[in-house]
Amino acid sequence: MDELIRREIKLCIGGSVYDPSDSVGKLLFNALALVAELEIDLIRARIREGMAFAKAKGKLRGKSKGQATWKEAQIRQGAGRSLGFHSRGMNAHDC
């Protein structure tokens, strides 16, 4: 949260701007972080389920030689910088 405040990051939803330094913004940012954490946990559970299913069917063979790890992909992308994303149709100045 401190990093968001230090970098003056704000969230714009439907024309309303939420600042992580005020109480409502802090609540919203924390709620979104919890939802993101839940989604990550669900993805991990689905992956483990799929791997167990594949292993039971004898189709789990491991990583192929040409496949890069996530860390290797990040390093290739830009020396450790996050990969980030771009939201189509959205502009930081739309709010």
Query - Check: Asp22 main-chain N/O paired with Asp19 side-chain donor or acceptor under 3.5 Å - result: no
Query raised in the report: What pairs with Leu27 under side chain to side chain contact (heavy atoms under 4.5 Å, CB included), at least two apart in sequence or on another chain?
Result: none
**Report entry** Pairs where residues 23-38 contributes a residue and the test side-chain hydrogen bond (donor to acceptor under 3.5 Å, both in side chains) is met, not counting sequence neighbours
**Finding:** none
Can I get a per-line list of side-chain donor-acceptor pairs under 3.5 Å for residues 39-49, giving both atom names and the distance, sequence neighbours left out?
| residue | atom | partner | partner atom | Å |
| --- | --- | --- | --- | --- |
| Glu39 | OE2 | Arg46 | NH2 | 3.3 |

Query raised in the report: Do Leu4 and Leu11 have side-chain heavy atoms sitting under 4.5 Å apart?
Result: no
Query raised in the report: Looking at Pro20 and Ile5, what are the two nearest heavy atoms and their distance?
Result: O-CD1, 3.8 Å
Report summary line: In terms of heavy-atom contacts, Tyr18 and Phe29 come closest through O-CE1, 3.7 Å
**Report entry** Connected-component partners of Phe53 among ILVMFWY, side-chain separation under 4.5 Å
**Finding:** none
Requested in this report: Applying side chain to side chain donor-acceptor pair (under 3.5 Å), name anything that partners Glu8, two or more places apart in sequence or on another chain.
Outcome: none
Query raised in the report: What residues, two or more places apart in sequence or in another chain, satisfy salt bridge (charged side-chain N to carboxylate O under 4.0 Å, His left out) together with Lys55?
Result: none
